[in-house]
Each structure stands twice: as structure tokens, then as C-alpha cells.
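Since we're looking at a predicted model, the values are computed, not measured. In listed order, ligands and their atoms are each counted from 1. Below, all heavy atoms of this structure are taken into account, side chains as well, without hydrogens, waters or symmetry copies. Each residue takes its place number in the sequence, starting with 1.
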Amino acid sequence: MAASSRLIARLAVVSGGGSGIGRAVCQRFASEGASVVVADVSEESANRTLGSLSHDHRGQEHMAVAVDVSSRDSVEKLLTRIQCQYYQPPSICVSAAGITQDEFLLKMEENDFDRVIQVNLKGTFLLTQAVSKALVASGISKGSIITVGSIVGKVGNIGQTNYCASKAGVEGLTRTAAKELSGFGIRCNCVLPGFITTPMTDKVPEKVISKITSLVPMGRMGEPAEVADVCTFLASDESRYITGVSIEVTGKFPSMSETRAMQMSDHSRCKGSTNTECTA
Ligand code: NAP
């Protein structure tokens, strides 16, 4: 897609900007004219993203900052650094930092539950709150907060009670923040990716990936750039009358009842068949 200039003169911060979806968002925002703060727990990855950003628009200045979004202190330092560098808070904020620690409910350790909630949900809360406070204090009456949930926060996913709970929480947080912040000119929306090709999904066994893609009508995983395009729309004035919504970027991931219906119809088609595909 040809680059346009929808984010000229805007300042954006993207957590998890060192990899996958966050990196694609940084690259897309930069190509649209924004100055981008790449924030990631890994300074090395953040710097790699920084090195890939375009500077084709006048006045663009990007920076990379190490941050642990689960720590209030770290997030506050991030905001201080940004404001020292740019003399303003970011008016666009994308919370893309996230982790998984998968295990079946019956075996999940409390620590693995807590860590995923801390990074995915509390991290989104801390960054959203810090950016909103700074925007309100500065009197800038225009902002776009974009959170990254997941389709599995809606439909559930085996082995991910912690992750699904965190992502359902992110959606609720976003809807509520939208109500509280609209009076300050700050919009809050959530993107719900389906299964996207990133280092996070590289860990998923091939067999599981094939099963998942067979359920997606579009028949493939998504690309980080496809999520970044939606984030760019939500960051830009093109979405100026949209707040408090969640946008699925999934190739139409089936709901739980649709999945069940598909399984039932496969089952009835396969009844009496000797086809090994049906008995797998
Ligand atoms: P990714 O490639 O693993 O990127 C996540 C980034 O967040 C990594 O650079 C990671 O650093 C960083 N991070 C982890 N903990 C952090 C912390 N405490 N503070 C700051 N940064 C931290 O994963 P992704 O697939 O792009 O995921 C991006 C977001 O999309 C996540 O919120 C994820 O839950 C969500 N999502 C992804 C998919 C998918 O299919 N890929 C689907 C739905 C939702 P390290 O690599 O050093 O840990």
C-alpha cells in the first residue's frame, strides 16, 4: 500500500515496539509521518526497530526507550523521557507489549497467571493512565489510545486461561477508559488480532497452526502489517467519531458456537467414512 501522510506532526509511543505487531505499527506510523517512540523491554529489539523507521517527512524524530510496562516506575520514567525529548506527551499510544505463559488450567502455576496479567493487563493500564494523565495535564485535547486485546479474550483458547483473562480485561479497560476520557478529547479503542505471524505465534506447534487456519474462512494467518493498518486508522482523524470499540482483525475467526457447529457437521459428514482425514 502506498504511504500517505495521515499522522504528520503527531507523536506516538508504541509498547512492544521491538517485535511483531508493535514493530509493524512503529513502521507504519513512521511512514505516515509520525514521530515514533519505540518502547520495549528489550532495548536491543527497540533499537533494531528504530533503525528500520523511515524519516521521509519533515520534522520526524524517532527514539527507542527500554521500558517494563508492568512497572509503574518504569512507565513513569518513559513518560518523563519522552516529555524531556519532545516537550509534549504522545497524543497516540499503542499498548502492544504482551506475553504468553501457556498451561492447562489444572496445571497452571500462580506465578504464570500473575505474570501474564501484570504485563498484558496491568501494563496496558499503567501506560494508558500515564499517557492520559500527561495529555490532560498538558491541555492537549486530542489523543488516540489503542490497546491490543485478542480474539481469544472473547472466544477462549485451551491452555490460555491467564492470557484470555488478560485480554478480556484489556477490552473492558478500553471501553471504560473511552467513557471517562472522551470529555478530554481522548479516544480509546481496542484491536483484537486473530492469529498473526510473529515471534509469539512461532512457538505454537505446526499442527495447532494448521487446525487454527482451517477454522479461519480466509484460510491463513494474518500479517503484523494488517494489524498495523487498523491501528493507523484508529490513530488518525479518519476514525475521529469512533471510541470505545473493539475491531477484530482475524480473517473472521469463528465464535465458540460456530466452531462447535463446524465440528458437528464434520462429524456427521465423516460418519461411516473410511477417509483417514475424517478419523484424525
Ligand atoms: P511479540 O512479537 O512477542 O512482541 C511482543 C513484544 O512485547 C516483544 O518485543 C516483547 O519483548 C515485548 N514485551 C514483553 N514484555 C514486556 C514488558 N514487560 N514491557 C515492555 N515490553 C514487553 O508478540 P506479538 O505477536 O507481536 O504481540 C503483540 C501484541 O499482540 C501482544 O499484546 C499480543 O498479546 C497481541 N496479540 C498477538 C497475536 C498473535 O497472533 N501474534 C494475537 C492476538 C493478540 P521480548 O520479546 O523481549 O519479551
Identify every side-chain donor-acceptor pair in residues 91-100 under 3.5 Å, counting partners at least two apart or on other chains, and give the distances.
from: S91; atom 1: OG; to: R10; atom 2: NE; distance (Å): 3.0
from: S91; atom 1: OG; to: R10; atom 2: NH2; distance (Å): 3.3
from: T100; atom 1: OG1; to: K203; atom 2: NZ; distance (Å): 3.4

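E171 has a carboxylate O that lies under 4.0 Å from a charged side-chain N of R175, or vice versa, which qualifies the two as a salt bridge. Salt bridge absent: R6 and D237 never bring a charged side-chain N and a carboxylate O closer than 4.0 Å.
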May I have the step-by-step check of salt bridge (charged side-chain N to carboxylate O under 4.0 Å, His left out) for R220 and E226, ending in yes or no?
CA-CA 12 Å; R220 64 171 176 86; E226 292 170 324; 2.8 Å; yes

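Evaluation of the side chain to side chain contact (heavy atoms under 4.5 Å, CB included) rule for E44 yields S42, R48 as partners, not counting sequence neighbours.
Identified under the ring pair (Phe, Tyr, Trp, His ring centres under 6.0 Å) test for residues 68-122, with sequence neighbours left out: none.
For a heavy-atom separation below 4.0 Å, the residues in contact with ligand 1 are G16, S19, G20, I21, D40, V41, S42, V67, D68, V69, A96, A97, G98, I99, V119, V148, G149, S150, Y163, K167, P193, G194, F195, I196, T198, P199, M200, T201.
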